[in-house]
Undergrad: 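Once you've had a glance at the structure underneath, I'll fire off some questions.
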Amino acid sequence: MLACEWASRFGARLLGLGVLDQPSIEHGEAVPMGAYGFKKHRDEVRLADAHRRVLVFLEEFRARCAAAGVTATVLEDIGDPVDRILREAQRCDAVLLGRETHFRFETQDQPDATLGGVIKGCARPVVVVPRELPGGRGVIVAYSGGREAARTLQLFQLLGLAGGEDIDVVTIHRDRAEAVAVADLAGEFLVAHGAPHRLHAISTDGAPAQVLLEEVHRRAPRLLVMGAYGRHHSLRELFTASVTRAVLAACPVPVFLGD
């Protein structure tokens with residue numbers, strides 16, 4: 001739904017990627033003597049079923065895009081879902097994924113870890129979408145002043161995904177003066193790009209993720225923009241990682257994540 005909405009609104013083309021997760025289906029495991037033939041047959045049945053279901057998913061995606069008047073291409077790929085998504089992402093501006101991913105539906109009843117792997121390794125921003133899309137207007141940008149936040153705001157602005165709506169920049173820091181100074185940096189960037197915005201410097205000792213989620217519930221935007229944690233392991237980035245995880249687990253609106 002969100003992909004079709006954005007494609008209609010911003011004139012984008014969509015690529016629907018279905019991944020046949022052959023590695024997990026054919027994963028080696030210890031079997032009793034004489035049971036190899038049974039495992040081989042079971043794997044073949046699972047692969048055939050997975051292939052059929054992926055084709056159904058892609059056809060449903062194609063049909064929904066056609067009904068919305070959106071230009072879309074579909075592609076079935078074979079391999080590890082994270083690897084395939086990261087590869088195909090290089091031809092795109094952004095990746096949209098559900099908060100829960102189920103690429104390993106043949107071998108797992110629970111959500112898999114695809115989303116986390118894509119967020120950590122993707123060369124493009126990742127949009128994490130909740131199961132339900134609430135109504136809302138405007139965009140909240142969580143701005144910390146760090147590298148991830150600065151690059152994410154730039155990417156979001158250059159992609160034109162604000163669509164002329166007001167942007168509420170939210171900066172959270174224990175020190176009020178620092179919160180104001182950091183928010184002003186984002187404000188000056190948005191002024192230079194002619195983007196309408198409001199600045200909100202919040203001074204608090206509360207948990208940043210909880211404070212940010214409260215702002216999202218109170219302002220009811222259509223989108224939250226924030227920097228994801230990087231690939232390094234400094235204490236600061238590990239702290240940012242915990243905030244990212246907490247927000248993603250409970251955010252009621254889609255989250256645009258950059259690195």
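Note that the numbering runs from 1 along the sequence shown for the chain.
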Undergrad: Determine, using the 4.5 Å side-chain heavy-atom cutoff (strictly less than), whether L224 and I202 are members of one ILVMFWY cluster.
TA: yes
Undergrad: Provide the closest heavy-atom pair for P23 versus D80 in the form atom of the first, atom of the second, distance.
TA: CG-N, 3.7 Å
Undergrad: Would a distance-only check, ignoring hydrogens and angles, find a side-chain to backbone donor-acceptor pair under 3.5 Å from S203 to R174?
TA: yes
Undergrad: Which heavy atom of L213 sits nearest to which heavy atom of V247, and what is that distance?
TA: CD2-O, 4.1 Å
Undergrad: Given D259 and R147, is the side chain to side chain contact (heavy atoms under 4.5 Å, CB included) satisfied, shown in steps?
TA: CA-CA 8 Å; D259 179 11; R147 177 180 65 88; 3.8 Å; yes
Undergrad: Rounded to the nearest 0.5 Å, how far does CZ of R84 lie from CZ of R87?
TA: 5.5 Å
Undergrad: Has the side chain of R198 got a donor or acceptor atom that lies under 3.5 Å from a matching backbone atom of D166?
TA: no
Undergrad: For the hydrophobic clusters of this structure (ILVMFWY residues joined by side-chain heavy atoms under 4.5 Å, transitively), does one cluster hold both V74 and F57?
TA: yes
Undergrad: With heavy-atom distances below 4.5 Å as the criterion, would you say the side chains of P221 and V139 are in contact?
TA: no
Undergrad: Check whether the side chains of H51 and R46 place a donor and an acceptor atom closer than 3.5 Å, and report yes or no.
TA: no
Undergrad: Output the distance between atom CD (Q90) and atom SG (C122), rounded to the nearest 0.5 Å.
TA: 8.5 Å
Undergrad: Does a donor on one side chain and an acceptor on the other come within less than 3.5 Å for H200 and D168?
TA: yes
Undergrad: Is there a path of hydrophobic side-chain contacts, each under 4.5 Å between heavy atoms of I, L, V, M, F, W or Y residues, that connects F10 with V253?
TA: no
Undergrad: Backbone N or O of A201 within a donor-acceptor pair of the R176 side chain at under 3.5 Å?
TA: yes
Undergrad: Using a 4.5 Å cut-off on heavy atoms from C-beta on, say whether the side chain of V225 contacts that of T152.
TA: yes
Undergrad: Do I140 and V216 come close enough that some side-chain heavy atom pair is under 4.5 Å?
TA: yes
Undergrad: Check step by step if salt bridge (charged side-chain N to carboxylate O under 4.0 Å, His left out) holds for E88 and R91.
TA: CA-CA 6 Å; E88 297 302 327; R91 69 172 79 188; 2.7 Å; yes
Undergrad: Would you say that D77 contacts L17 through its side chain, given a criterion of any heavy-atom pair below 4.5 Å between the two side chains?
TA: yes
Undergrad: Has the side chain of H193 got a donor or acceptor atom that lies under 3.5 Å from a matching backbone atom of A195?
TA: no
Undergrad: Which atoms form the tightest heavy-atom contact between R222 and L161, and what is the distance?
TA: NH2-O, 2.7 Å
Undergrad: Counting N and O atoms only, with roles assigned by atom type, does the side chain of T171 sit under 3.5 Å from a partner on the main chain of Y143, one being a donor and the other an acceptor?
TA: yes
Undergrad: From D109 CG over to R104 CZ, what is the distance, rounded to the nearest 0.5 angstrom?
TA: 14.0 Å
Undergrad: CZ of R219: more than 12 outside heavy atoms within 6.0 angstrom?
TA: yes
Undergrad: If you round to the nearest 0.5 Å, how far is CG of L158 from CZ of R151?
TA: 12.0 Å
Undergrad: Is atom CZ of R64 surrounded by more than 12 heavy atoms (other residues, nucleotides or ligands) closer than 6.0 Å?
TA: no
Undergrad: So does R9 pair up with E165, basic N to acidic O under 4.0 Å?
TA: yes
Undergrad: Would the distance check show the side chain of R124 and the main-chain N or O of C92 forming a donor-acceptor pair, the cut-off being under 3.5 Å?
TA: yes
Undergrad: Are the side chains of P252 and P130 in contact, using a 4.5 Å heavy-atom criterion?
TA: no
Undergrad: Search all heavy atoms of P208 against all heavy atoms of I172 and return the closest pair with its distance.
TA: O-CD1, 3.7 Å
Undergrad: Looking only at heavy atoms, which two atoms of L212 and A142 are closest? And how far apart?
TA: CD2-CB, 3.7 Å
Undergrad: Is there side-chain contact between F105 and V54, with heavy atoms separated by less than 4.5 Å?
TA: yes
Undergrad: Is there side-chain contact between R99 and L248, with heavy atoms separated by less than 4.5 Å?
TA: no
Undergrad: Dump the intermediate steps for side chain to side chain contact (heavy atoms under 4.5 Å, CB included) on T71 and L14, then the final yes or no.
TA: CA-CA 6 Å; T71 301; L14 301 181; over 6 Å; no
Undergrad: Can you give me the closest heavy-atom contact between T244 and A228, atom names plus distance?
TA: OG1-CA, 4.0 Å
Undergrad: Atom CZ of residue position R53 - does it have more than 12 heavy atoms of other residues, nucleotides or ligands inside 6.0 Å?
TA: yes
Undergrad: Rounded to the nearest 0.5 Å, how far apart are CZ of R52 and CG of L55?
TA: 9.5 Å
Undergrad: Do V127 and V255 have side chains that approach each other closer than 4.5 Å (heavy atoms only, starting at C-beta)?
TA: no
Undergrad: Using modelled atom types and a 3.5 Å cut-off, is there a donor and acceptor pairing between side-chain atoms of T101 and backbone atoms of F103?
TA: no
Undergrad: Is it true that M226 and L199 fall in one hydrophobic cluster, defined by side-chain heavy atoms closer than 4.5 Å?
TA: no
Undergrad: For V129 and L97: C-alpha separation, side-chain torsions, deciding distance, then whether side chain to side chain contact (heavy atoms under 4.5 Å, CB included) applies.
TA: CA-CA 6 Å; V129 187; L97 280 173; over 6 Å; no
Undergrad: Report the distance from atom CG of L2 to atom CG of L223, rounding to the nearest 0.5 Å.
TA: 8.0 Å
Undergrad: Between W6 and L159, does a side chain to side chain contact (heavy atoms under 4.5 Å, CB included) hold up when you go through it step by step?
TA: CA-CA 12 Å; W6 282 12; L159 287 174; over 6 Å; no
Undergrad: Decide whether F256 and M1 are clustered together by the hydrophobic rule: side chain heavy atoms of Ile, Leu, Val, Met, Phe, Trp, Tyr closer than 4.5 Å, transitively.
TA: yes
Undergrad: Can you list the steps and then say if D112 with H102 is a side-chain hydrogen bond (donor to acceptor under 3.5 Å, both in side chains)?
TA: CA-CA 6 Å; D112 59 41; H102 296 267; over 6 Å; no
